[in-house]
Amino acid sequence: MKRIGLLTSGGDAPGMNAAIRSVVRNAVWHGLDVMGFEQGYEGLMDGKCVPLDARSVGAIIHRGGTILRTARSERFKTEEGRTRALHQLTACGVDGLVVIGGDGSFRGAWELHKLGVPVVGIPATIDNDVAHCDMTIGCDTALNTALEAMRRLRDTASSHDRLFIIEVMGRNCGYIALHTALSGGAECVLVPERPFDIQKLCDGLRRSRASGKSYSLVVVAEGAISGHDLKLRLAECGGYDARVTVLGYIQRGGSPSAYDAALATRLGAFAVDRLLAGSSGVMASLECGVPREVPLPQTWEDRRGLKEELMELVERLSI
Ligand SMILES: Nc1ncnc2c1ncn2[C@@H]1O[C@H](COP(=O)(O)OP(=O)(O)OP(=O)(O)O)[C@@H](O)[C@H]1O
Ligand SMILES: O=P(O)(O)OC[C@H]1O[C@](O)(CO)[C@@H](O)[C@@H]1O
Ligand SMILES: [Mg+2]
(Lines give C-alpha, C1' and ligand atoms only; values in the text may rest on other atoms or scores of the structure.)
(Ligands and ions follow the chains in the order given, each with its own letter.)
Protein backbone atom coordinates (compact mmCIF):
# COMPACT_ATOMS: atom_id res chain seq x y z
CA MET A 1 0.00 0.00 0.00
CA LYS A 2 1.47 3.36 -1.08
CA ARG A 3 -1.30 5.93 -0.92
CA ILE A 4 -4.46 6.07 1.17
CA GLY A 5 -7.56 8.26 0.83
CA LEU A 6 -9.49 9.85 3.66
CA LEU A 7 -12.94 11.43 3.88
CA THR A 8 -15.50 12.63 6.43
CA SER A 9 -19.18 11.93 5.76
CA GLY A 10 -22.64 12.52 7.27
CA GLY A 11 -23.18 15.09 10.03
CA ASP A 12 -19.99 16.69 11.30
CA ALA A 13 -18.91 15.76 14.81
CA PRO A 14 -16.42 17.36 17.22
CA GLY A 15 -13.22 15.31 17.02
CA MET A 16 -13.34 14.63 13.28
CA ASN A 17 -10.34 16.93 12.82
CA ALA A 18 -8.41 15.17 15.56
CA ALA A 19 -9.11 11.89 13.74
CA ILE A 20 -7.94 13.38 10.41
CA ARG A 21 -4.69 14.53 12.03
CA SER A 22 -4.06 11.14 13.55
CA VAL A 23 -4.79 9.22 10.32
CA VAL A 24 -2.50 11.50 8.31
CA ARG A 25 0.37 11.58 10.78
CA ASN A 26 0.35 7.83 11.39
CA ALA A 27 0.17 7.19 7.64
CA VAL A 28 3.11 9.55 7.02
CA TRP A 29 5.01 7.86 9.85
CA HIS A 30 4.50 4.58 7.98
CA GLY A 31 5.78 6.16 4.74
CA LEU A 32 2.36 6.46 3.02
CA ASP A 33 0.96 9.34 0.94
CA VAL A 34 -2.48 10.63 1.93
CA MET A 35 -5.19 12.20 -0.25
CA GLY A 36 -8.09 13.92 1.49
CA PHE A 37 -11.40 13.81 -0.41
CA GLU A 38 -13.62 16.84 0.22
CA GLN A 39 -17.34 16.77 1.08
CA GLY A 40 -17.57 13.06 1.75
CA TYR A 41 -18.74 10.72 -1.00
CA GLU A 42 -19.77 13.71 -3.15
CA GLY A 43 -16.17 14.86 -3.44
CA LEU A 44 -14.98 11.29 -3.90
CA MET A 45 -17.24 10.83 -6.94
CA ASP A 46 -16.03 14.15 -8.39
CA GLY A 47 -12.36 13.50 -7.64
CA LYS A 48 -12.15 16.57 -5.38
CA CYS A 49 -9.03 15.75 -3.43
CA VAL A 50 -6.09 17.45 -1.75
CA PRO A 51 -2.76 15.92 -0.75
CA LEU A 52 -2.32 15.94 3.03
CA ASP A 53 1.00 15.82 4.83
CA ALA A 54 2.08 16.10 8.45
CA ARG A 55 2.12 19.93 8.31
CA SER A 56 -1.28 20.31 6.63
CA VAL A 57 -2.98 18.80 9.68
CA GLY A 58 -1.19 21.04 12.20
CA ALA A 59 -3.26 23.04 14.71
CA ILE A 60 -6.53 21.24 13.99
CA ILE A 61 -6.63 18.75 16.88
CA HIS A 62 -8.76 21.17 18.92
CA ARG A 63 -11.03 22.45 16.15
CA GLY A 64 -14.68 21.49 15.68
CA GLY A 65 -16.15 20.65 12.27
CA THR A 66 -14.01 18.99 9.62
CA ILE A 67 -11.33 20.61 7.45
CA LEU A 68 -12.26 18.16 4.68
CA ARG A 69 -15.89 19.32 4.91
CA THR A 70 -18.69 16.78 4.80
CA ALA A 71 -21.92 16.01 2.94
CA ARG A 72 -24.82 13.65 2.58
CA SER A 73 -25.02 12.17 -0.90
CA GLU A 74 -28.00 10.54 -2.60
CA ARG A 75 -25.89 10.07 -5.75
CA PHE A 76 -23.50 7.75 -3.93
CA LYS A 77 -26.41 5.47 -3.04
CA THR A 78 -26.72 4.57 -6.74
CA GLU A 79 -24.59 1.99 -8.52
CA GLU A 80 -23.58 4.62 -11.06
CA GLY A 81 -22.34 6.92 -8.32
CA ARG A 82 -20.26 4.22 -6.67
CA THR A 83 -18.74 3.17 -10.00
CA ARG A 84 -17.70 6.78 -10.47
CA ALA A 85 -16.13 6.79 -7.00
CA LEU A 86 -14.23 3.63 -7.84
CA HIS A 87 -12.82 5.20 -11.02
CA GLN A 88 -11.72 8.29 -9.09
CA LEU A 89 -9.92 6.19 -6.48
CA THR A 90 -8.03 4.40 -9.25
CA ALA A 91 -7.27 7.66 -11.06
CA CYS A 92 -5.85 9.16 -7.84
CA GLY A 93 -3.72 6.08 -7.21
CA VAL A 94 -5.43 5.45 -3.89
CA ASP A 95 -5.18 1.86 -2.70
CA GLY A 96 -6.91 2.11 0.67
CA LEU A 97 -9.60 4.37 2.17
CA VAL A 98 -10.48 5.62 5.66
CA VAL A 99 -14.11 6.75 6.11
CA ILE A 100 -14.89 8.89 9.17
CA GLY A 101 -18.63 9.07 9.83
CA GLY A 102 -21.72 7.43 11.26
CA ASP A 103 -23.86 4.39 10.45
CA GLY A 104 -24.93 5.69 7.03
CA SER A 105 -21.36 6.46 6.04
CA PHE A 106 -20.42 2.92 7.08
CA ARG A 107 -23.10 1.47 4.80
CA GLY A 108 -21.47 3.40 1.97
CA ALA A 109 -18.01 2.18 3.02
CA TRP A 110 -19.28 -1.40 2.99
CA GLU A 111 -20.44 -0.96 -0.62
CA LEU A 112 -16.94 0.18 -1.59
CA HIS A 113 -15.43 -2.77 0.26
CA LYS A 114 -17.69 -5.08 -1.77
CA LEU A 115 -16.29 -3.47 -4.93
CA GLY A 116 -12.79 -4.45 -3.81
CA VAL A 117 -11.63 -1.20 -2.16
CA PRO A 118 -9.73 -1.79 1.11
CA VAL A 119 -11.69 0.40 3.53
CA VAL A 120 -11.68 1.01 7.29
CA GLY A 121 -14.31 3.12 9.10
CA ILE A 122 -13.90 5.38 12.13
CA PRO A 123 -17.12 5.99 14.13
CA ALA A 124 -17.80 9.72 14.35
CA THR A 125 -21.32 11.03 14.92
CA ILE A 126 -22.89 12.91 17.79
CA ASP A 127 -25.76 10.38 17.77
CA ASN A 128 -23.79 7.49 19.37
CA ASP A 129 -25.92 5.03 17.40
CA VAL A 130 -23.15 2.71 16.20
CA ALA A 131 -22.98 -0.75 17.80
CA HIS A 132 -19.77 -2.30 19.15
CA CYS A 133 -17.97 0.87 20.17
CA ASP A 134 -17.90 2.42 23.62
CA MET A 135 -18.73 5.86 22.22
CA THR A 136 -18.72 7.48 18.80
CA ILE A 137 -16.39 10.46 18.35
CA GLY A 138 -18.31 13.69 19.03
CA CYS A 139 -21.01 12.39 21.33
CA ASP A 140 -19.26 13.30 24.57
CA THR A 141 -18.75 16.89 23.40
CA ALA A 142 -22.38 17.17 22.23
CA LEU A 143 -23.56 15.86 25.59
CA ASN A 144 -21.48 18.41 27.46
CA THR A 145 -22.92 21.17 25.27
CA ALA A 146 -26.47 19.99 25.95
CA LEU A 147 -25.76 19.66 29.67
CA GLU A 148 -24.37 23.17 29.91
CA ALA A 149 -27.49 24.49 28.12
CA MET A 150 -29.71 22.55 30.48
CA ARG A 151 -27.97 23.97 33.54
CA ARG A 152 -28.51 27.49 32.19
CA LEU A 153 -32.15 26.73 31.53
CA ARG A 154 -32.48 25.40 35.06
CA ASP A 155 -31.37 28.82 36.37
CA THR A 156 -34.14 30.66 34.55
CA ALA A 157 -36.76 27.90 35.01
CA SER A 158 -36.22 27.92 38.77
CA SER A 159 -36.28 31.71 38.96
CA HIS A 160 -39.66 31.91 37.18
CA ASP A 161 -41.20 28.66 38.44
CA ARG A 162 -41.64 27.50 34.86
CA LEU A 163 -41.88 24.32 32.84
CA PHE A 164 -39.14 24.09 30.22
CA ILE A 165 -38.86 21.76 27.26
CA ILE A 166 -35.35 21.19 25.89
CA GLU A 167 -35.25 19.62 22.43
CA VAL A 168 -31.99 17.87 21.58
CA MET A 169 -30.81 16.09 18.43
CA GLY A 170 -31.50 12.44 17.68
CA ARG A 171 -33.68 11.58 14.71
CA ASN A 172 -33.73 7.87 15.46
CA CYS A 173 -31.68 7.59 18.61
CA GLY A 174 -32.39 8.91 22.11
CA TYR A 175 -28.88 8.58 23.51
CA ILE A 176 -28.18 12.32 23.76
CA ALA A 177 -31.64 12.97 25.24
CA LEU A 178 -31.36 10.22 27.83
CA HIS A 179 -27.87 11.16 28.96
CA THR A 180 -28.67 14.87 29.05
CA ALA A 181 -31.72 14.08 31.18
CA LEU A 182 -29.70 11.79 33.43
CA SER A 183 -26.80 14.16 33.98
CA GLY A 184 -28.96 17.31 34.07
CA GLY A 185 -31.63 15.96 36.44
CA ALA A 186 -34.69 16.22 34.16
CA GLU A 187 -38.23 15.39 35.34
CA CYS A 188 -38.83 13.43 32.20
CA VAL A 189 -37.22 12.34 28.91
CA LEU A 190 -38.89 11.43 25.60
CA VAL A 191 -36.95 9.33 23.06
CA PRO A 192 -37.76 7.96 19.60
CA GLU A 193 -37.27 4.37 20.78
CA ARG A 194 -40.18 4.49 23.27
CA PRO A 195 -43.78 5.57 22.64
CA PHE A 196 -44.93 8.15 25.16
CA ASP A 197 -48.26 8.82 26.78
CA ILE A 198 -49.09 12.52 27.09
CA GLN A 199 -51.56 11.88 29.91
CA LYS A 200 -48.91 10.02 31.91
CA LEU A 201 -46.48 12.88 31.33
CA CYS A 202 -49.02 15.46 32.56
CA ASP A 203 -49.82 13.32 35.59
CA GLY A 204 -46.13 13.05 36.45
CA LEU A 205 -45.65 16.82 36.17
CA ARG A 206 -48.70 17.42 38.33
CA ARG A 207 -47.41 15.02 40.97
CA SER A 208 -44.04 16.73 41.10
CA ARG A 209 -45.72 20.14 41.54
CA ALA A 210 -47.89 18.69 44.31
CA SER A 211 -44.79 17.36 46.03
CA GLY A 212 -43.37 20.88 46.28
CA LYS A 213 -41.39 21.35 43.06
CA SER A 214 -41.79 24.80 41.62
CA TYR A 215 -40.35 24.16 38.16
CA SER A 216 -39.75 21.29 35.74
CA LEU A 217 -37.35 20.36 32.94
CA VAL A 218 -38.37 17.96 30.18
CA VAL A 219 -35.81 16.72 27.65
CA VAL A 220 -37.07 15.54 24.27
CA ALA A 221 -35.19 14.01 21.34
CA GLU A 222 -36.24 15.58 18.03
CA GLY A 223 -37.25 12.14 16.70
CA ALA A 224 -39.78 11.55 19.52
CA ILE A 225 -41.76 14.77 19.00
CA SER A 226 -40.66 18.34 18.31
CA GLY A 227 -40.36 20.60 21.33
CA HIS A 228 -42.99 22.96 19.86
CA ASP A 229 -45.50 20.15 19.24
CA LEU A 230 -44.93 18.89 22.76
CA LYS A 231 -45.65 22.36 24.10
CA LEU A 232 -49.03 22.31 22.29
CA ARG A 233 -49.87 18.83 23.57
CA LEU A 234 -48.99 19.81 27.16
CA ALA A 235 -51.16 22.93 26.86
CA GLU A 236 -54.12 20.87 25.54
CA CYS A 237 -53.79 18.03 27.97
CA GLY A 238 -52.66 19.72 31.17
CA GLY A 239 -53.06 23.47 30.62
CA TYR A 240 -49.31 23.99 30.84
CA ASP A 241 -47.56 27.06 29.47
CA ALA A 242 -44.16 25.55 28.70
CA ARG A 243 -41.14 27.40 27.32
CA VAL A 244 -39.27 25.65 24.52
CA THR A 245 -35.57 25.67 23.67
CA VAL A 246 -34.38 23.85 20.56
CA LEU A 247 -30.63 23.25 20.89
CA GLY A 248 -30.28 22.15 17.25
CA TYR A 249 -26.95 22.50 15.48
CA ILE A 250 -25.26 24.10 18.50
CA GLN A 251 -24.72 20.48 19.59
CA ARG A 252 -22.68 19.63 16.51
CA GLY A 253 -20.13 22.44 16.87
CA GLY A 254 -17.33 23.29 19.25
CA SER A 255 -13.95 22.01 20.30
CA PRO A 256 -13.85 18.32 21.12
CA SER A 257 -13.79 17.36 24.79
CA ALA A 258 -10.68 15.64 26.17
CA TYR A 259 -12.50 12.33 25.79
CA ASP A 260 -13.37 12.93 22.11
CA ALA A 261 -9.93 14.30 21.17
CA ALA A 262 -8.20 11.30 22.74
CA LEU A 263 -10.67 8.80 21.27
CA ALA A 264 -10.28 10.31 17.79
CA THR A 265 -6.51 10.27 18.09
CA ARG A 266 -6.46 6.61 19.11
CA LEU A 267 -8.93 5.47 16.46
CA GLY A 268 -7.30 7.46 13.64
CA ALA A 269 -3.94 5.81 14.14
CA PHE A 270 -5.51 2.39 14.72
CA ALA A 271 -7.48 2.62 11.44
CA VAL A 272 -4.25 3.13 9.47
CA ASP A 273 -2.58 0.23 11.29
CA ARG A 274 -5.50 -2.05 10.36
CA LEU A 275 -5.46 -0.96 6.70
CA LEU A 276 -1.74 -1.74 6.55
CA ALA A 277 -2.35 -5.09 8.21
CA GLY A 278 -4.66 -5.97 5.30
CA SER A 279 -8.05 -5.47 7.00
CA SER A 280 -11.04 -4.19 5.02
CA GLY A 281 -14.76 -3.72 5.55
CA VAL A 282 -14.23 -3.09 9.25
CA MET A 283 -14.65 -0.32 11.81
CA ALA A 284 -11.71 0.68 14.01
CA SER A 285 -13.22 0.61 17.47
CA LEU A 286 -12.60 0.78 21.19
CA GLU A 287 -14.91 -1.68 22.92
CA CYS A 288 -14.66 -1.83 26.72
CA GLY A 289 -11.54 0.27 26.24
CA VAL A 290 -9.84 -2.33 24.06
CA PRO A 291 -8.91 -1.57 20.41
CA ARG A 292 -10.56 -4.00 18.05
CA GLU A 293 -11.89 -4.18 14.51
CA VAL A 294 -15.58 -4.90 13.90
CA PRO A 295 -17.09 -6.03 10.57
CA LEU A 296 -19.01 -3.01 9.27
CA PRO A 297 -22.44 -4.71 8.95
CA GLN A 298 -22.36 -5.54 12.68
CA THR A 299 -22.17 -1.81 13.43
CA TRP A 300 -25.72 -1.26 12.15
CA GLU A 301 -27.27 -4.75 12.30
CA ASP A 302 -26.60 -5.15 16.04
CA ARG A 303 -28.52 -2.37 17.71
CA ARG A 304 -26.98 -0.58 20.67
CA GLY A 305 -30.40 0.13 22.17
CA LEU A 306 -31.19 2.39 25.10
CA LYS A 307 -30.68 1.06 28.59
CA GLU A 308 -34.15 0.61 30.09
CA GLU A 309 -32.75 0.93 33.62
CA LEU A 310 -31.45 4.43 32.82
CA MET A 311 -34.86 5.51 31.49
CA GLU A 312 -36.36 4.18 34.69
CA LEU A 313 -33.71 5.92 36.81
CA VAL A 314 -34.59 9.34 35.36
CA GLU A 315 -38.22 8.69 36.30
CA ARG A 316 -37.43 7.34 39.77
CA LEU A 317 -35.25 10.31 40.71
CA SER A 318 -37.74 12.88 39.42
CA ILE A 319 -39.93 12.64 42.55
N1 LIG B 1 -27.09 2.12 2.01
C2 LIG B 1 -26.18 3.00 1.59
N3 LIG B 1 -25.44 2.74 0.48
C4 LIG B 1 -24.51 3.61 0.05
N5 LIG B 1 -24.25 4.78 0.66
C6 LIG B 1 -24.93 5.09 1.76
C7 LIG B 1 -25.93 4.23 2.29
N8 LIG B 1 -26.45 4.80 3.40
C9 LIG B 1 -25.81 5.98 3.54
N10 LIG B 1 -24.89 6.16 2.57
C11 LIG B 1 -24.03 7.33 2.33
O12 LIG B 1 -23.51 7.84 3.55
C13 LIG B 1 -23.89 9.22 3.68
C14 LIG B 1 -23.96 9.59 5.13
O15 LIG B 1 -24.98 8.85 5.77
P16 LIG B 1 -25.96 9.55 6.84
O17 LIG B 1 -26.53 10.78 6.22
O18 LIG B 1 -26.90 8.51 7.29
O19 LIG B 1 -24.99 10.05 8.00
P20 LIG B 1 -24.16 9.24 9.08
O21 LIG B 1 -22.87 8.80 8.50
O22 LIG B 1 -25.01 8.18 9.68
O23 LIG B 1 -23.82 10.38 10.13
P24 LIG B 1 -24.88 11.19 11.08
O25 LIG B 1 -26.00 10.25 11.43
O26 LIG B 1 -24.05 11.61 12.23
O27 LIG B 1 -25.33 12.36 10.30
C28 LIG B 1 -25.21 9.29 2.91
O29 LIG B 1 -25.54 10.61 2.54
C30 LIG B 1 -24.90 8.43 1.70
O31 LIG B 1 -24.12 9.11 0.75
O1 LIG C 1 -29.70 18.65 8.97
P2 LIG C 1 -28.71 17.55 8.88
O3 LIG C 1 -27.32 17.98 8.63
O4 LIG C 1 -29.17 16.48 7.95
O5 LIG C 1 -28.58 16.92 10.34
C6 LIG C 1 -29.61 16.45 11.14
C7 LIG C 1 -29.30 15.13 11.77
O8 LIG C 1 -27.91 14.89 11.95
C9 LIG C 1 -27.66 14.45 13.26
O10 LIG C 1 -27.34 15.55 14.03
C11 LIG C 1 -26.46 13.63 13.38
O12 LIG C 1 -25.35 14.36 12.95
C13 LIG C 1 -29.00 13.92 13.73
O14 LIG C 1 -29.16 13.80 15.12
C15 LIG C 1 -29.92 14.93 13.10
O16 LIG C 1 -31.22 14.50 13.00
MG1 LIG D 1 -26.34 8.21 11.32
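When a ligand or atom number is given, it counts from 1 through the structure's own listing order. It should be emphasised that the depicted structure is a prediction, and the values quoted were computed from it without experimental measurement.
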Residues [X] and [Y] bridged, charged N to O under 4.0 Å:
X      : Y      : value
Lys48  : Glu38  : no
Lys213 : Glu187 : yes
Asp46  : Arg84  : yes
Glu222 : Arg171 : no
Arg194 : Glu308 : yes
Asp155 : Arg151 : no
Asp241 : Arg243 : yes

State the atoms of ligand 2, each with its element, that fall below the 4.0 Å cut-off from a heavy-atom position in [X].
X      : answer
Arg171 : 7 (C), 14 (O), 16 (O)
Gly170 : 14 (O)
Gly11  : 12 (O)

| said: Side chain, backbone, both or neither: which applies to Asp127 and ligand 1 if a contact is any heavy-atom pair less than 4.0 Å apart? | reply: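 Looking at Asp127 and ligand 1, just side chain atoms fall under 4.0 Å.
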Nearest protein heavy atom with distance in Å, relative to [atom]:
atom                    : answer
atom 11 (C) of ligand 2 : Asp127 OD2, 3.2 Å
atom 29 (O) of ligand 1 : Ser73 N, 2.7 Å
atom 13 (C) of ligand 1 : Ser9 OG, 3.7 Å
atom 8 (O) of ligand 2  : Arg252 NH1, 3.0 Å
atom 22 (O) of ligand 1 : Asp103 OD1, 2.5 Å
atom 21 (O) of ligand 1 : Ser105 OG, 2.5 Å
atom 10 (O) of ligand 2 : Met169 SD, 2.9 Å
atom 4 (C) of ligand 1  : Gly108 CA, 3.6 Å
atom 3 (N) of ligand 1  : Glu111 CG, 3.9 Å
atom 1 (O) of ligand 2  : Tyr249 OH, 2.4 Å
atom 16 (O) of ligand 2 : Glu222 OE2, 2.6 Å

Flag [X] as yes when one of its N or O atoms lies below 3.5 Å from any N or O atom of ligand 1, and as no otherwise.
X      : value
Lys77  : no
Gly104 : yes
Asp129 : no
Tyr41  : no
Arg107 : no

Candidate pair Thr70 and Asp12, rule side-chain hydrogen bond (donor to acceptor under 3.5 Å, both in side chains), full reasoning: CA-CA 7 Å; Thr70 186; Asp12 63 319; over 6 Å; no
> Within the stated cut-off of 2.8 Å, is an N/O/S atom of Asp127 closer than that to the Mg ion (ligand 3)?
Replying inline: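 No, outside the cut-off.
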ask   = Hey, is the main chain of Ser214 close enough, under 3.5 Å, to the side chain of Arg209 for a donor-acceptor pair?
value =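 Pair found, side chain donor or acceptor close to backbone of Ser214.
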Heavy-atom contacts under 4.0 Å between Tyr175 and ligand 2: side chain, backbone, both, or neither?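 No part of Tyr175 comes within reach of ligand 2.
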Side chain, backbone, both or neither: the part of Gln251 lying under 4.0 Å from ligand 2 by heavy atom |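 Neither part.
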Under 4.0 Å to a heavy atom of [X] - the qualifying atoms of ligand 1, by number:
X      : value
Phe76  : 5 (N), 31 (O)
Gly102 : 20 (P), 21 (O), 22 (O), 23 (O)
Thr125 : 24 (P), 25 (O), 26 (O)
Gly11  : 23 (O), 24 (P), 26 (O), 27 (O)
Arg72  : 16 (P), 17 (O), 19 (O), 24 (P), 27 (O), 29 (O)

Might you point out which heavy atoms bring Pro192 and Ala224 nearest each other, and give the distance in Å?
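Smallest interatomic distance, heavy atoms only, reads N-CB, 3.8 Å.
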Nearest heavy-atom pair of Ala271 and Val98: which atoms, and what distance?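 Answer, listing the atom of Ala271 first, then Val98: CB-CG1, 4.4 Å.
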- Going through the checks in order, is the side-chain hydrogen bond (donor to acceptor under 3.5 Å, both in side chains) test met by Glu42 and Ser73? CA-CA 6 Å; Glu42 278 290 307; Ser73 170; 2.7 Å; yes
Does CZ belonging to Arg154 count more than 12 external heavy atoms closer than 6.0 Å?
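Enclosed.
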Check for me whether Arg72 has a heavy atom closer than 4.0 Å to any atom of ligand 2.
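It does; at least one heavy atom falls under 4.0 Å.
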* Atom pair SG (Cys139) and NE2 (His179), whose distance is rounded to the nearest 0.5 Å ->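 Answer for the SG-NE2 pair, Cys139 versus His179, is 8.0 Å.
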Residue Asp103 atom name (nearest to the Mg ion (ligand 3); N/O/S):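 Per the distance ranking, Asp103 contributes OD1 as its closest N/O/S atom to the Mg ion (ligand 3).
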**Ser56 and Asp53: CA distance, side-chain angles, deciding distance, side-chain hydrogen bond (donor to acceptor under 3.5 Å, both in side chains) verdict** = CA-CA 5 Å; Ser56 51; Asp53 61 17; 3.1 Å; yes
Phe37 and side-chain contact (heavy atoms from CB on, under 4.5 Å): which single residue from Leu7, Val50, Leu68 fits?
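Output: one option passes, namely Leu7.
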Note, Ile126 side chain near Pro14 side chain (heavy atom, < 4.5 Å)
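Side-chain contact under 4.5 Å: yes.
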